[in-house]
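What follows is a single structure, written as structure tokens, with notes after it.
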Amino acid sequence: MATSASAQLSKQVKKVYMELPQGDKVQAMYIWIDGTGEGLRCKTRTLDSEPKSIEDLPEWNFDGSSTHQSEGSNSDMFLKPVSMFRDPFRRDPNKLVLCEVLKYNKKVAETNLRHICKQIMDMVYNEHPWFGMEQEYTLLGMDGHPFGWPSNGFPGPQGPYYCGVGSDKAYGRDIVEAHYRACLYAGVKIAGTNAEVMPAQWEFQVGPCEGIDMGDHLWVARFILHRVCEDFGIVVSFDPKPITGNWNGAGCHTNFIHGYLSISQKKDLKCLRSRHPYHIRSYDPKGGSDNARRLTGFHETSNIHEFSAGVANRGASIRIPRTVGQEQKGYFEDRRPSANCDPYAVTEALIRTCLLKETGEEPCEYKN
């Protein structure tokens with residue numbers, strides 16, 4: 001299996017330098033979403049002291065023409081810090097800093113979906129919307145071949161790999177464990193992890209998170225996973241259907257509840273049914289075309305063209321847990337979001353439909 005050249009560099013040599021004292025200075029790694037709506041970028045600056053809050057972090061800038069976010073003739077864009085985490089790679093007192101992207105004139109960049117999501121979340125603050133997202137992903141070699149798969153063939157059929165144990169069933173557990181511990185150190189609200197149905201496919205869960213925190217924590221968890229995989233010399237893919245044929249795709253099932261467990265299943269399901277096309281467009285970065293490869297009605301998915309709901313039904317658009325179905329209140333699981341979805345877009349869509357009671361094919365505009 002092909003691994004990256006960087007992974008062959010001596011980690012013991014690097015450790016010598018990473019153990020050097022850094023005095024009172026702090027390294028802050030600024031992270032942002034690029035113009036693809038999927039990729040993450042980062043760069044580091046030195047601070048004179050450890051920041052205690054977001055207000056202690058200065059704005060910064062970057063070349064947007066190299067990240068698909070601006071023209072070369074007017075390329076400066078701004079990074080506005082919005083959330084801060086401990087850095088599991090450089091360790092305390094160093095920080096990971098998630099940022100929103102602003103254009104040269106300080107207006108919100110088109111790819112900055114967090115800004116409007118935050119406005120929508122603030123409108124329903126008293127409803128206390130809570131989310132939990134189940135991020136599936138696939139581990140690949142540098143050649144794009146799934147990690148651990150035979151170089152000229154396929155592993156045995158699906159069946160023994162989900163939550164599997166053993167070298168012939170769990171491919172890449174070292175990466176999973178490293179990512180889990182790194183998220184805990186950083187302060188990401190990671191809730192669990194498990195091997196998935198397709199070999200070399202895994203899932204981690206983030207939540208419960210209230211409001212805008214859901215998107216912030218999932219994006220930082222993804223960033224940490226990319227960095228962990230970088231150290232191991234392999235690639236993580238969030239493609240919703242990385243391998244064609246009789247293999248499961250990868251989603252980002254989203255669990256949602258609001259109003260202190262007093263959710264009315266019937267009312268929410270009626271609203272969601274009426275806006276199915278809107279949600280499909282919001283649930284992957286290509287307006288539904290990525291998810292069309294995954295939501296076929298097979299491999300534990302619903303049909304992309306039809307809305308469905310069912311108790312304990314993993315072939316439905318919305319799965320209602322059995323206890324929730326019996327009590328007629330509690331959370332539900334929206335199984336439609338793709339693995340490469342933007343969590344800001346997904347959570348915003350749920351709020352607009354279920355709490356703001358929007359109708360129609362397009363989101364409503366609200367005055368600030």
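- Checked by atom type and distance alone, the side chain of Thr301 pairs as donor or acceptor with a backbone atom of Gly297 at under 3.5 Å.
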Going through the distances and angles, do Thr138 and Asp239 end up as a side-chain contact (heavy atoms from CB on, under 4.5 Å)?
-> CA-CA 8 Å; Thr138 308; Asp239 189 286; over 6 Å; no
Worked check of side-chain contact (heavy atoms from CB on, under 4.5 Å) between Phe332 and Val324 | CA-CA 8 Å; Phe332 62 79; Val324 173; over 6 Å; no
For Asp268 and Ile318, run side-chain contact (heavy atoms from CB on, under 4.5 Å): C-alpha distance rounded to whole Å, both residues' side-chain angles, the deciding distance at 0.1 Å, then the answer.
-> CA-CA 11 Å; Asp268 281 344; Ile318 304 293; over 6 Å; no
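- Evaluation of the salt bridge (charged side-chain N to carboxylate O under 4.0 Å, His left out) rule for Glu136 yields no partner, not counting sequence neighbours.
- With a 6.0 Å radius and a threshold of 12 heavy atoms from other residues, nucleotides or ligands, Lys107 has its NZ atom at or below the threshold.
- A donor and an acceptor atom, one from each side chain of Arg90 and Thr44, are located under 3.5 Å apart.
- Following chains of ILVMFWY side-chain contacts shorter than 4.5 Å, one can reach Phe256 starting from Leu356, so the two form part of one hydrophobic cluster.
- Annotation: Lys286, atom NZ; neighbour count of heavy atoms from other residues, nucleotides and ligands within 6.0 Å is above 12.
- Listed here is the closest heavy atom pair of Ser308 and Gly315: OG-O, 4.2 Å.
- Side chain of Gln22 to backbone of Lys25: a donor-acceptor contact under 3.5 angstrom is found.
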Show me the donor-acceptor pairs within less than 3.5 Å that the side chains of residues 147-157 make with the rest of the protein, sequence neighbours left out.
| unit_1 | atom_1 | unit_2 | atom_2 | d |
| --- | --- | --- | --- | --- |
| Trp149 | NE1 | Pro199 | O | 3.0 |

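- In this structure, Ile351 and Met123 have side chains that are not in contact, with every pair of non-hydrogen atoms separated by 4.5 Å or more.
- Among residues at least two apart or in separate chains, ring-ring contact (aromatic ring centres under 6.0 Å, His included) pairs with a member in residues 67-104 are Phe85-His217.
- Contact record, Met77 with Ala109: CE-CB, 3.9 Å, taken as the closest heavy-atom pair.
- Under a hydrophobic-cluster definition in which Ile, Leu, Val, Met, Phe, Trp and Tyr are linked whenever side-chain heavy atoms come within less than 4.5 Å, directly or via other members, Leu40 and Leu139 are assigned to the same cluster.
- For the pair Thr111 and Asp34, the minimum side-chain heavy-atom distance is 4.5 Å or more.
- In this structure, Glu38 does not pair ionically with Arg222, as no charged nitrogen and carboxylate oxygen lie closer than 4.0 Å.
- Side chain of Glu348 to backbone of Gln119: no donor-acceptor contact under 3.5 angstrom is found.
- Checked by atom type and distance alone, the side chain of His179 never pairs as donor or acceptor with a backbone atom of Cys229 at under 3.5 Å.
- In the hydrophobic clustering of this structure, Leu96 does not group with Trp32; members are Ile, Leu, Val, Met, Phe, Trp, Tyr whose side-chain heavy atoms approach within less than 4.5 Å, directly or through other members.
- Separation of atoms CG (Leu102) and CD (Gln69) is listed at 11.0 Å; rounding is to 0.5 Å.
- The number of heavy atoms from other shown groups lying within 6.0 Å of NZ (Lys80) does not exceed 12.
- In this structure, the side chain to side chain contact (heavy atoms under 4.5 Å, CB included) partners of Arg86, at least two apart in sequence or on a different chain, are Asp92, Tyr185.
- In this structure, Val235 and Gly141 approach most closely via the heavy-atom pair CG2-O, 4.2 Å.
- For Ser274, there are no side chain to side chain contact (heavy atoms under 4.5 Å, CB included) partners two or more places apart in sequence or in a different chain.
- Put simply, the side chain of Thr353 reaches to within 4.5 Å of the side chain of His279, judged on heavy atoms.
- Evaluation of the salt bridge (charged side-chain N to carboxylate O under 4.0 Å, His left out) rule for Lys169 yields no partner, not counting sequence neighbours.
- For Glu333, the salt bridge (charged side-chain N to carboxylate O under 4.0 Å, His left out) partners are Arg319, Arg335, not counting sequence neighbours.
- Scanning both residues, Gly310 and Ala316, for their nearest heavy atoms gives N-CB, 3.9 Å.
- Residues Cys271 and Lys357 are in side-chain contact: their nearest non-hydrogen atoms beyond the backbone lie under 4.5 Å apart.
- No side-chain heavy atom of Val236 sits less than 4.5 Å from a side-chain heavy atom of Ile175.
- Counting heavy atoms from C-beta on, the side chains of Leu218 and Gln135 come closer than 4.5 Å.
- In this structure, Glu362 pairs ionically with Arg281, as a charged nitrogen and a carboxylate oxygen lie closer than 4.0 Å.
- Remark: the backbone N or O of Asp284 is not paired with any side-chain donor or acceptor of Asn291 at under 3.5 angstrom.
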Given side-chain contact (heavy atoms from CB on, under 4.5 Å), test Tyr180 with Val228 step by step and report yes or no.
-> CA-CA 10 Å; Tyr180 201 149; Val228 168; over 6 Å; no
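- Judged purely by distance below 3.5 Å, without hydrogens or angles, the side chains of Trp219 and Asp342 pair a donor atom with an acceptor atom.
- Sorted by first and then second residue, the pairs that involve residues 4-17 and meet side-chain hydrogen bond (donor to acceptor under 3.5 Å, both in side chains), not counting sequence neighbours, are Thr3-Gln8.
- Taking the six-membered ring where tryptophan is involved, the planes of Phe204 and Tyr137 are tilted, since the angle between them lies from 30° to 60°.
- Salt-bridge annotation for Asp56 and Lys52: absent, with no side-chain N of the basic residue lying under 4.0 Å from a carboxylate O of the acidic one.
- Gln201 places a side-chain N or O within 3.5 Å of a backbone atom of Gly249 that can act as its donor or acceptor partner.
- Contact annotation: the side chain of Val197 never approaches that of Trp247 to less than 4.5 Å [non-hydrogen atoms, C-beta and beyond].
- Ser317 and His276 make their closest contact through OG-CE1, 4.4 Å (heavy atoms, listed as atom of the first residue, atom of the second, distance).
- Sorted by first and then second residue, the side-chain hydrogen bond (donor to acceptor under 3.5 Å, both in side chains) pairs involving residues 154-165 (not counting sequence neighbours) are Gln158-Asn248.
- When atom types are taken as modelled, the side chain of Thr46 and the backbone of Gln27 share no donor-acceptor pair closer than 3.5 angstrom.
- Residue pairs meeting the ring-ring contact (aromatic ring centres under 6.0 Å, His included) criterion with at least one member in residues 227-246, sequence neighbours excluded: His226-Phe238.
- In terms of modelled atom types and a separation under 3.5 Å, the side chain of Asn94 and the main chain of Arg91 share a donor-acceptor contact.
- The backbone N or O of Pro240 sits nowhere less than 3.5 Å from a side-chain atom of Arg294 that would complete a donor-acceptor pair.
- Under the 4.5 Å side-chain criterion, counting only non-hydrogen atoms from C-beta, Phe131 is in contact with Leu350.
- Residues passing the salt bridge (charged side-chain N to carboxylate O under 4.0 Å, His left out) test with Glu210, sequence neighbours excluded: none.
- Counting all heavy atoms, side chain and backbone alike, Ile54 lies closest to Met84 at CD1-N, 3.7 Å.
- Leu47 meets the side chain to side chain contact (heavy atoms under 4.5 Å, CB included) test with Val26, Ala28, Arg45, Pro51, Leu57, Pro58; sequence neighbours excluded.
- When atom types are taken as modelled, the side chain of Ser49 and the backbone of Asp24 share no donor-acceptor pair closer than 3.5 angstrom.
- Of the inter-residue distances, the one linking Ser302 atom OG with Ile280 atom CD1 reads 6.5 Å to the nearest 0.5 angstrom.
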